[in-house]
Amino acid sequence: QVSVVESGGGSVQAGGSLRLSCVASGHINPNFCMGWFRQAPGKEREGVAVIGKAIYDKPFLYEADSVKGRFTVSRVNNNNTLFLEMTMLKSEDTAVYYCAADAGLCSGWNRRRFNFWGPGTQVTVSS
């Protein structure tokens, strides 16, 4: 079994920054695909950034168009830790942010591929 826990959410004014962290523990290895998703009130959960290895050991990185240039995802494999550095935050970034892990290589950012989810952390951006 795999356990995923996020931290680092909070409230910030528009233009500010936040850093989210996620730790995955249990039966996980560095090849597992990991990513950040978010869900705003009344909306579906969407992919924000996904990082890992794809087939043939190629690096895989996905960043949603809405966050490119503002958010940076990074990963420390030794301890299965994932980060999301969020800058120039906008009110539309307000959502519950979830960290997720897929028991396999990266092949996309469809949330249905991800098997293990954290409880989520709230990010609120006020304008």
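Since the structure is predicted, the reported quantities are computational estimates derived from the model, not experimental observations. Reckoned from all heavy atoms, side chains included, excluding hydrogens, waters and symmetry mates.
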To the nearest 0.5 angstrom, please state how far the [atom1] atom of [X] sits from the [atom2] atom of [Y].
X	Y	atom1	atom2	answer
W36	E63	CH2	CD	14.0 Å
L18	M86	CG	CE	4.5 Å
S126	L89	OG	CG	10.5 Å
R75	L84	CZ	CG	14.0 Å
L20	L82	CG	CG	9.5 Å

Joint cluster assignment, [X] & [Y], ILVMFWY side-chain distance < 4.5 Å:
X	Y	result
F116	I28	yes
F71	M34	yes
V4	F83	no
V96	W109	yes

Validation: residues 38-51 side-chain donor-acceptor distances under 3.5 Å, sequence neighbours left out:
{"residue": "R38", "atom": "NE", "partner": "E46", "partner atom": "OE2", "Å": "2.7"}
{"residue": "R38", "atom": "NH1", "partner": "D93", "partner atom": "OD1", "Å": "2.9"}
{"residue": "R38", "atom": "NH1", "partner": "Y97", "partner atom": "OH", "Å": "2.9"}
{"residue": "R38", "atom": "NH2", "partner": "E46", "partner atom": "OE2", "Å": "3.3"}
{"residue": "R38", "atom": "NH2", "partner": "S66", "partner atom": "OG", "Å": "3.4"}
{"residue": "Q39", "atom": "OE1", "partner": "R45", "partner atom": "NE", "Å": "3.3"}
{"residue": "Q39", "atom": "OE1", "partner": "R45", "partner atom": "NH2", "Å": "3.4"}
{"residue": "Q39", "atom": "NE2", "partner": "K43", "partner atom": "O", "Å": "3.1"}

request  = Could you tell me which non-hydrogen atom of P119 sits nearest to which non-hydrogen atom of E6, and how far apart they are?
outcome  = CD-OE1, 3.1 Å

remark   = When every non-hydrogen atom of F60 is compared with those of S107, the smallest separation belongs to CE1-C, 4.2 Å

message = Test: salt bridge (Lys or Arg N to Asp or Glu O under 4.0 Å). Region: residues 113-124. Which pairs qualify, not counting sequence neighbours?
response = D102-R113

key: All pairs passing disulfide (SG to SG under 2.5 Å) where residues 87-127 contributes a residue, at least two apart   = C22-C99, C33-C106

request  = For S91 and V125, indicate whether the former's side chain and the latter's backbone hold a donor-acceptor pair under 3.5 Å.
outcome  = no

query = Quick one: side-chain hydrogen bond (donor to acceptor under 3.5 Å, both in side chains) pairs with a partner in residues 8-25, sequence neighbours left out?
reply = R19-E85

ask   = Should side-chain heavy atoms under 4.5 Å link Ile, Leu, Val, Met, Phe, Trp and Tyr, which residues sit in the same cluster as I55?
value = Y56

message = My understanding is that only residues two or more places apart in sequence, or in another chain, count here; which of them pass ring pair (Phe, Tyr, Trp, His ring centres under 6.0 Å) with F114?
response = F37

